[in-house]
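Structure, as structure tokens:
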Amino acid sequence: MRVAIFDFDGTLYAEETFRLLMNHLKHHPVHHPKFKKFYRAILRPYLGHKMKLVPEARMKEQSMQIYLDSLGQQSKFELDQYFEELADKVRQGFNPDVLSRLEQHIADDVYVMLVSGAYTPLLQSVTKGLQFDTIIGTEVPLSGQDVDYQAPIFHVHGPRKNEKIVQALEGKDIDWQNSYAYGDSFSDIPVLELVGHPVAVRPEPRLQAIAEQREWEII
């Protein structure tokens, strides 16, 4: 079985979802008063990362936790609705070249996966209508039908993506040499290295250099 693994931010979606989430909170008709508290809380890990005291992966995980906490008590239904409000805007930012590759892989009966650090319910909302076989993201911890704010999130980033991919494909006979992966950032390299056809999508400079050196496809 061949697989095609797609990153989301900067790949299928041309922008960054966390920036979009920040603006959504800042201008939301109900939740906008929470933005200042969120912004103050996020400064600490962000500045720590800029000062090289906090690793990027930890900074991103803390930021995801702070954002979720800032929304206050939410049911799963309410959080799904909050993310659904972003769906049209995100779809307008889909990369047409990557969408075309996705559609071609589906037509060729390739098993297609979306693997991202974005919140899973957000990914599910914005990709309705796209035929992904598996969607892997950062899960929102639940207690029954409510968000569990006592449980820490597990941000899917870097090597954690590989762990989740291997778990999802357990028991399947994968033809890795004839499989594909699409990513835009240096942190996507572990996933790109899994397959015989890695594709760098509008790559950041560090990934660009490696893609050129290894003669990977660039779009």
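Linking ILVMFWY residues whenever their side-chain heavy atoms come closer than 4.5 Å, directly or via other members, places I135 and L79 in the same cluster. Under the 4.5 Å side-chain contact rule for hydrophobic residues, V195 and V199 do not share a cluster. No path of Ile, Leu, Val, Met, Phe, Trp and Tyr side chains, each step under 4.5 Å between heavy atoms, connects V3 with L99, placing them in separate hydrophobic clusters. There is no path of hydrophobic side-chain contacts, each under 4.5 Å, that joins I174 to F132. One hydrophobic cluster, built from ILVMFWY side chains closer than 4.5 Å, holds both L114 and Y119.
Summarising the local packing, CD of Q131 is surrounded by 12 or fewer heavy atoms from other residues, nucleotides or ligands at distances under 6.0 Å. For K172, the NZ atom sits in a packed shell: over 12 heavy atoms of surrounding residues, nucleotides or ligands are nearer than 6.0 Å.
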Determine whether H28 and Y82 satisfy the following criterion, ring pair (Phe, Tyr, Trp, His ring centres under 6.0 Å), listing intermediate values before the conclusion.
CA-CA 9 Å; H28 196 275; Y82 179 82; 5.3 Å; yes
Does the pair Y182 and F8 meet the rule for a side-chain contact (heavy atoms from CB on, under 4.5 Å), with working shown?
CA-CA 9 Å; Y182 298 82; F8 191 70; over 6 Å; no
For I219 and R202: C-alpha separation, side-chain torsions, deciding distance, then whether side-chain contact (heavy atoms from CB on, under 4.5 Å) applies.
CA-CA 6 Å; I219 60 175; R202 297 173 59 189; over 6 Å; no
Checking side-chain contact (heavy atoms from CB on, under 4.5 Å) for the pair N95/T11: CA distance, chi angles, key distance, verdict?
CA-CA 7 Å; N95 185 321; T11 305; over 6 Å; no
Apply side-chain contact (heavy atoms from CB on, under 4.5 Å) to L102 and F6, showing your working.
CA-CA 8 Å; L102 172 62; F6 291 83; 3.9 Å; yes
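In the model, S185 has a side-chain atom that pairs as donor or acceptor with a side-chain atom of D188 under 3.5 Å. A donor-acceptor contact under 3.5 angstrom links the side chains of T134 and Y111, judged on distance only. Side-chain polar atoms of D108 and Q104 form a donor-acceptor pair below 3.5 angstrom. For the residue pair E212 and Q208, a side-chain donor N or O sits within less than 3.5 Å of a side-chain acceptor on the partner.
In this structure, R160 is positioned above the aromatic face of F154, its NZ or CZ under 6.0 Å from the six-membered ring centre and within 45° of the axis.
Although no hydrogens or angles enter the test, the distance criterion places a donor-acceptor pair under 3.5 Å between the side chain of R91 and the main chain of V126. In terms of modelled atom types and a separation under 3.5 Å, the side chain of D133 and the main chain of V112 share a donor-acceptor contact. Of the possible polar contacts, none joining the D184 side chain to the P203 backbone as a donor-acceptor pair under 3.5 Å is found. Using modelled atom types, one side-chain atom of S179 and one backbone atom of D175 make a donor-acceptor pair closer than 3.5 Å. The closest donor-acceptor contact from the side chain of E78 to the backbone of S75 lies under 3.5 Å.
In this structure, CZ in F83 is found 9.5 Å from OG1 in T120, a value given to the nearest 0.5 Å. Atoms CG and CZ, from D69 and F38 in turn, are 11.0 Å apart once rounded to the nearest 0.5 Å. Within the model, atoms CG of L12 and CG of D97 stand 11.5 Å from one another, a figure rounded to the nearest 0.5 Å. Note that CD of Q62 and CD1 of I42 are 10.0 Å apart. Values are rounded to the nearest 0.5 Å. Between the CG atom of L21 and the OG atom of S63 there is a distance of 11.5 Å, given to the nearest 0.5 Å. Between the CD1 atom in I153 and the CE atom in M64 there is a gap of 5.0 Å [rounded to 0.5 Å].
Closest approach of H49 and P55 over heavy atoms only: ND1-C, 4.0 Å. Across all their heavy atoms, A200 and A211 have their closest contact at CB-CB, 4.0 Å.
Under the 4.0 Å criterion applied to side-chain N and carboxylate O atoms, K164 and E139 are not assigned as salt-bridge partners. Looking at D80 and K76, a side-chain N of the basic residue comes within less than 4.0 Å of a carboxylate O on the acidic one, giving a salt bridge.
V90 is not listed as a side-chain neighbour of S125, based on a closest heavy-atom distance of 4.5 Å or more. Looking at heavy atoms from C-beta onward, L169 lies in side-chain contact with W176 at the 4.5 angstrom threshold. For the pair L194 and I165, the minimum side-chain heavy-atom distance is below 4.5 Å. Between S116 and L123, some side-chain heavy-atom pair lies under the 4.5 Å cut-off.
Note on residues 1-20: pairs passing salt bridge (charged side-chain N to carboxylate O under 4.0 Å, His left out), not counting sequence neighbours, are D7-K161. Identified under the side-chain hydrogen bond (donor to acceptor under 3.5 Å, both in side chains) test for residues 32-47, with sequence neighbours left out: H31-K34. Applying the side-chain hydrogen bond (donor to acceptor under 3.5 Å, both in side chains) rule to pairs touching residues 141-159 yields nothing, sequence neighbours excluded.
Note: H24 and Y67 fail the aromatic proximity criterion, with ring centroids not under 6.0 Å apart.
Not counting sequence neighbours, H197 has no partner by the side-chain hydrogen bond (donor to acceptor under 3.5 Å, both in side chains) test. Residues that satisfy the salt bridge (charged side-chain N to carboxylate O under 4.0 Å, His left out) test with K60, not counting sequence neighbours, are E56.
Residue I189 is found in a hydrophobic cluster whose other members, listed by chain and number, are F186, L192, L207, I210, W216; membership requires side-chain heavy atoms under 4.5 Å apart, directly or through intermediates.
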